[in-house]
Amino acid sequence: MKHVTSMLVACLVTFSAAAQAADDPPFLDQKSAATADGHAFFTHICQACHMADGKGAAGAGAYPALAANPRLASALYPAAMVLNGRAGMPAFGNVLSNQQIADVVNYVRTHFGNDYHDPLTAAQVQALRPQEKP
Amino acid sequence: MAEDTFMPTMTRRQMLRMIGMAGSGALMYQAMTGLGFAKESPYRPPPPLAGSGNGQSVLILGAGLAGLVAAYELGKAGYKVQVLEYNQRLGGRNWTLRGGDLYTELGGHTQRCQFDEGQYFNPGPWRIPYHHHGVLDYCRQLGVALEPFVQLNHNAYFHRRDAFGGKPQRIREVKADFNGGVAELLAKATSTGRLDDLVTKEDREILLEAMREWGGLNRDFSYAAGPVSNDYRGYARDAGGGAHGKPDFSTPVGLHDVLNARLWGNLAASDQYEYQTTMMQPVGGMDAIGKAFGREVGSHVRYGAKVVDIAQDSAGVSVAYEDTKAPGSRHVAKADWCVCTIPLSILSQIPVQVGAAMAAAISAVPYAASNKVGIQFSRRFWEEDDAIYGGVSFSDLPIGMMSYPSHGFGTKKGVLLASYTFFVEALEFTALDPAERIRAALEYGKQIHPQYADTYENGMAVAWHRSPFTLGCFGNWSDQMREKHYADLCAMDGRIVLAGEHASYLPAWQEGAILSSLSAIDQVHRRALAGGRA
């Protein structure tokens, strides 16, 4: 069993190294972060919890599926979640720009069986941020 | 608007750096937890709960340290305790992986730990500050043997890809050259009269003397190659015996280069209160603490219990749970009182019969991400080749920190903490499958320790957002959030009180779990003594 497992791990390592040698390295470096699109943010961050197929996962608690999730009908709901976080979900308002948040929300709302074509704009994300006092 | 004016021109790393998060675990941690104050634990060995529980019952949800402390103390005070635990083991995040252990994360990947006998890795807490009196006192009470945990090792590395051609620098050199350069500058400013209107003449003389000693300056207040600076930064060739025993001196890096290399950004990481020497670890793995509690209260723990509903009325609490080995099954546990230590990431998804204020608090707190990779190597090259015995190296590579075992010096094999990351890097690691995380840790780690290539044996990768029993690493409170919700989270609601690191001002630390638990059971006990009415 031990040998089987270690061989499996070795295979996985080789396979994934080949799979990732293309243009989607596992970590966004300085240059690519500035130009990363919604797909890149999904594969690097969102799928950590919502999984590569967007179907979420369940243990003592669950990560909601993004696939076919009716809560995505309004773009403002996922936008606020990404911006502020809630419960298990971290907040990304300090590390993603308004445009980047819009990009990743728009990506999720047009993939995984979701078919919403009213894109979120950076201005709408900005409006969700706490307003600075004059 | 301010946000959009800077964001598009900033890279992610610049943003992280700006908020003090890149390349420095401690500073990153502090930026994340939003705590700007010293976090000394106020714990002093508690007097036993005065008076008796008189056989009243307490249901404890979660067998992590908070739940175990509650079970132990309430049991001693005459309460009937029962603990429901989701996992098939106790300890929660107090957890150690050893050869033969199986771990299945959210998403379904199962890892079988292949470490050799005697090797281990703490995926969760791994070090105990000397001022975490609660943890240390329970270790004393329960007979958990401790040993030093090496946090600061002057011979470990600071590494940045854009500094010194990507060559890792010894911490002693960075520290000596930073201090030496600053001392020389201050001495110059002093002796050329630039500080005359800031410091008295007498103080200036003491300052010069202090700078010479602190910075390793020569008689003429220069910081340069020679015996004095080398007493701090180390030699090019160490002193020896016999005909060729005379050492060769190393040459300090000038202040301009020291400043621009920015490796000084890691110095504070081991200077801060939470990480100051002496830190400690339990001999043989952090789970020695959970196991020690288990010897006292383990018989009261029901394993594989997934809580699905928490209700209360004037007569008591009623908690519904599912046996994880029989999905869909439903059992109910009843008691007079409930201490709930379920992480908020999970509790926020469970129907809990509490008032609006506590419910809002439960849902408010996001959970921080963290990832660790532990790798077993066939030989301790870090000791044999690099003279690194314990301690932490810091890099601006996505692996963040690496740490060398503080125990087993001079033995053959060892398990290295090959990567420890928070937030964005942690989520990027989490987004990979476990085997890919290990591969990434190896690939990046090779840039610091090329010996990885020939000595890698096997590894374990634990990404806390994929942990089925926590769904995250720790409650990531902001100051504003605390202001709004913290009191409501910690105040008993009827017959239910919450505990865990999330109900403390010591986020992620075991001490936070213990102190919150002591506060929680104190509230239970007061209510119980007051006549058993909520």
Side-chain angles (χ1 to χ4, degrees), chain A residues 1-2 5-6 8-17 19-20 25-34 36 42-49 51-52 56-64 84-100 122-123 125-126 129-130 132, chain B residues 1-4 7-8 10-16 19 86 106-108 112 114 306-307 342-350 362-369 398 423-433 435-436 438-440 442-443 458 463 465-472 476 478:
Chain A
M1 184 60 202
K2 195 167 177 179
T5 313
S6 68
L8 179 65
V9 168
C11 290
L12 283 173
V13 168
T14 314
F15 170 77
S16 65
Q20 286 169 357
F27 298 90
L28 296 169
D29 67 14
Q30 216 158 317
K31 281 174 196 154
S32 59
F42 182 86
T43 57
H44 286 84
I45 296 176
C46 312
Q47 81 174 32
C49 301
M51 303 295 155
Y63 292 130
N84 303 320
R86 193 173 184 274
M89 170 120 180
F92 294 93
N94 288 332
V95 286
L96 297 182
S97 69
N98 293 334
Q99 188 59 52
Q100 288 168 332
V125 178
Q126 174 60 33
R129 290 184 184 267
E132 283 179 28
Chain B
M1 277 319 287
E3 184 272 336
D4 251 11
M7 277 302 179
M10 282 199 120
T11 64
R12 182 183 65 117
R13 277 188 193 283
Q14 282 168 331
M15 284 186 275
L16 290 176
I19 54 174
Y86 174 78
L106 291 174
R112 174 185 286 274
Q114 299 173 73
K306 174 179 170 172
V307 171
I342 297 173
L344 302 180
S345 45
I346 293 162
L347 189 59
S348 57
Q349 302 182 19
I350 299 172
I362 288 170
S363 289
V365 187
Y367 265 54
F423 202 45
V424 176
E425 269 110 352
L427 287 168
E428 290 179 297
F429 261 105
T430 309
L432 302 170
D433 292 342
E436 293 172 337
I438 293 167
R439 184 197 61 81
L442 286 171
E443 282 304 313
N458 54 70
H465 262 88
R466 291 243 178 134
S467 141
F469 59 97
T470 54
L471 272 67
N476 195 9
S478 66

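These numbers come from a predicted model, not from an experiment. Below, chains carry the letters A, B, ... as their sequence lines are ordered, and counting in each starts from 1.
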Non-hydrogen atoms of chain A under 4.5 Å away: do they reach the side chain of B/F469, the backbone, both or neither? backbone
Tell me, side chain or backbone of B/A440 under 4.5 Å from chain A's heavy atoms, or both, or neither?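 For B/A440, the side chain is the part near chain A, not the backbone.
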How long is the span from the [atom1] atom in [X] to the [atom2] atom in [Y], to the nearest 0.5 Å?
| X | Y | atom1 | atom2 | answer |
| --- | --- | --- | --- | --- |
| A/M89 | B/S345 | CE | OG | 13.5 Å |
| B/E428 | A/I45 | CD | CD1 | 6.0 Å |
| B/E443 | A/F27 | CD | CZ | 11.5 Å |
| A/Q47 | B/L427 | CD | CG | 11.0 Å |

Taking every non-hydrogen pair under 4.5 Å, which of B/V307, B/L471, B/L347 racks up the most with chain A?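 Of B/V307, B/L471, B/L347, B/L471 has the most heavy-atom pairs under 4.5 Å with chain A.
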Going by heavy atoms in the side chains, are [X] and [Y] under 4.5 Å from each other?
| X | Y | answer |
| --- | --- | --- |
| A/R86 | B/S363 | yes |
| B/H465 | A/P90 | yes |
| A/M51 | B/L106 | yes |

By ring-ring contact (aromatic ring centres under 6.0 Å, His included) - contacts of A/F92 (at least two apart): B/F423
Nearest atoms (heavy-atom pairs only) where A/A87 meets B/S348: CB-OG, 3.1 Å
Given the options A/G56, A/A60, A/C49, which has more heavy-atom pairs under 4.5 Å with chain B than any of the others?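 Answer, by heavy-atom pair count under 4.5 Å with chain B: A/A60.
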For B/T430, which residues count as a side-chain hydrogen bond (donor to acceptor under 3.5 Å, both in side chains) partner, sequence neighbours excluded? none
Using modelled atom types and a 3.5 Å cut-off, is there a donor and acceptor pairing between side-chain atoms of B/K306 and backbone atoms of A/G59? yes
Check whether A/A58 gets within reach of chain B through its side chain, its backbone, both or neither, counting any heavy atom under 4.5 Å. backbone
